[in-house]
J.: 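Please read through the structure below; I'll follow up with questions.
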Amino acid sequence: MMTVNAAPKAKAPSQDRGHRRVGSLLDAAADLILVHGAEGLKMDMVAKQAAASPGTLYQFFPNRAALLTALVERFGAEIEAIAQSNLQRQLAVPPGSIERAARDFLEPFLIFYEANPAYVVLAEASDRVFAGTGYTFGEDDQVALNLRQALQPFIASAHQTRLETVCKLVITTAHAAFSAAIKLPPAAKDDWLAELDALIIGYLRGLG
């Protein structure tokens with residue numbers, strides 16, 4: 001979901017062993033971001049956390065920007081896969097209402113955010129970490145497109161031209177709300193998500 005247009009690129013591994021090593025380095029970076037933040041991440045920290053030599057780290061990632069870009073792209077690929085899976089599931093077994101379609105589409109993203117708090121930290125710091133690199137949240141457009149395809153059968157013809165904007169608005173709202181939700185205590189989180197559900201569903205019902 002995130003794209004970086006002008007950042008240094010990681011070296012793609014050519015063997016299974018290299019893929020595993022890159023995976024462990026990215027896992028280490030994600031763990032360290034939770035402790036030090038995206039801006040506090042250092043290359044030597046990552047090598048130590050992954051039990052790798054600095055040479056191995058720099059073999060695949062020439063600098064921190066390349067490392068963070070690769071981590072962003074890995075998260076983005078997972079998010080896009082979730083969106084596509086959600087759409088295919090709804091096409092195979094169409095939900096009975098726009099409410100069910102929206103909830104079934106969005107719920108797996110909340111699960112992803114909860115399982116990957118480093119994504120939230122990195123996304124929140126992106127304007128600073130990737131300043132001057134052309135960084136954009138390109139994945140949001142793909143998720144919004146899949147949401148549009150999922151909701152289209154429930155939208156009145158008079159509102160079809162608004163649907164693209166509506167879906168982008170819903171995804172942007174959900175992204176911010178999910179990011180905030182994972183930091184809340186359980187009771188407050190439940191209340192927060194209930195209000196988010198009411199907000200999105202109430203809005204979508206007006207388009208039916």
Side-chain angles (χ1 to χ4, degrees), residues 1-4 19 23 26-27 30 33-34 69-124 126 135-184 186 188-208:
M1 281 172 126
M2 306 177 194
T3 359
V4 182
H19 283 287
L26 292 177
D27 289 342
I33 282 173
L34 296 179
T69 299
L71 183 59
V72 157
E73 290 176 346
R74 185 172 75 168
F75 282 135
E78 292 177 25
I79 289 173
E80 290 184 1
I82 291 170
Q84 188 61 32
S85 175
N86 293 349
L87 175 62
Q88 293 303 320
R89 187 174 62 253
Q90 294 200 11
L91 292 176
V93 184
S97 66
I98 193 170
E99 294 91 345
R100 189 74 269 153
R103 287 171 179 143
D104 288 352
F105 187 90
L106 293 173
E107 184 176 5
F109 293 107
L110 175 60
I111 296 171
F112 173 85
Y113 277 51
E114 291 175 331
N116 296 279
Y119 170 77
V120 176
V121 175
L122 187 53
E124 290 176 345
S126 62
Y135 174 93
T136 58
F137 281 89
E139 69 276 19
D140 286 353
D141 292 335
Q142 182 60 49
V143 176
L145 174 62
N146 291 142
L147 177 61
R148 178 183 180 182
Q149 293 170 298
L151 297 183
Q152 200 160 20
F154 304 97
I155 303 299
S157 57
H159 298 305
Q160 287 288 339
T161 56
R162 296 172 53 200
L163 189 54
E164 180 178 357
T165 300
V166 166
C167 289
K168 288 182 178 180
L169 180 62
V170 168
I171 293 303
T172 300
T173 302
H175 170 82
F178 289 166
S179 296
I182 65 172
K183 304 170 188 175
L184 298 174
K189 173 184 169 184
D190 290 344
D191 290 343
W192 180 266
L193 294 174
E195 292 298 333
L196 173 66
D197 180 76
L199 179 69
I200 290 176
I201 297 304
Y203 182 58
L204 292 176
R205 281 175 180 163
L207 303 177

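Just so it is clear, the model here is predicted, and its values are computed rather than measured.
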J.: State, yes or no, whether a side-chain contact exists between Asp191 and Glu195 at a heavy-atom distance under 4.5 Å.
T.: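 The answer is no, as the side chains (C-beta and beyond) never meet within the 4.5 Å cut-off.
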J.: Where the side chain of Gln90 meets the backbone of Ala101, is there a donor-acceptor pair that is under 3.5 Å apart?
T.: yes
J.: Salt bridge check, Arg74 against Asp27: does any charged N sit closer than 4.0 Å to a carboxylate O?
T.: yes
J.: Any non-hydrogen side-chain atom of Ile111 less than 4.5 Å from a side-chain atom of Ile82?
T.: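 Counting from C-beta outward, Ile111 and Ile82 never come under 4.5 Å.
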J.: With no hydrogens and no angle check, is any side-chain donor or acceptor of Gln160 less than 3.5 Å from a backbone partner on Gln152?
T.: yes
J.: Evaluate the side-chain proximity of Leu106 to Asn86: yes if any heavy-atom separation is below 4.5 Å, no if none is.
T.: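 No. Closest side-chain heavy atoms not under 4.5 Å.
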J.: Using ring centroids (six-membered ring only for Trp), state whether Phe178 and Phe109 fall under 6.0 Å.
T.: no
J.: Can you see which heavy atom on Pro108 is nearest to which on Arg89, and at what distance?
T.: CG-NH2, 4.1 Å
J.: On a heavy-atom basis, which atom in Trp192 and which in Ala177 lie closest, and how many Å separate them?
T.: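 Closest pair (atom of Trp192, atom of Ala177, distance): NE1-O, 3.1 Å.
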J.: Indicate yes or no for a side-chain donor-acceptor contact from Asp197 to the backbone of Leu193 under 3.5 Å, with no hydrogens or angles considered.
T.: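 No, the answer is negative, given that no donor and acceptor are paired below the 3.5 Å cut-off.
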J.: For atom CD of Glu107, decide whether the heavy atoms of other residues, nucleotides or ligands shown that lie under 6.0 angstrom number more than 12.
T.: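 No.
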J.: What distance do Leu122 atom CG and Phe75 atom CZ have between them, rounded to the nearest 0.5 Å?
T.: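 CZ of Phe75 is found 7.0 Å from CG of Leu122.
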J.: Can you confirm whether Ile33 sits close enough to Leu71 that some side-chain heavy atom of one is under 4.5 Å from a side-chain heavy atom of the other?
T.: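 Contact flag for Ile33/Leu71 side chains = yes.
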J.: Heavy atoms, side chains only, cut-off 4.5 Å: are Asp140 and Lys168 in contact?
T.: no
J.: Counting C-beta onward and ignoring hydrogens, is there a side-chain heavy-atom pair between His175 and Thr172 closer than 4.5 Å?
T.: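 SC-SC contact between His175 and Thr172 ruled out.
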J.: Could you please spell out the steps behind the side-chain contact (heavy atoms from CB on, under 4.5 Å) verdict for Leu151 and Val166?
T.: CA-CA 10 Å; Leu151 297 183; Val166 166; 5.8 Å; no
J.: Would a 4.5 Å heavy-atom cut-off, applied to side chains only, mark Leu204 and Phe154 as touching?
T.: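 In short, these two side chains do not touch, never coming nearer than 4.5 Å.
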J.: Quick one: does Leu196's side chain get under 4.5 Å of Thr173's, heavy atoms only?
T.: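 They are in contact (side-chain heavy atoms under 4.5 Å apart), so the answer is yes.
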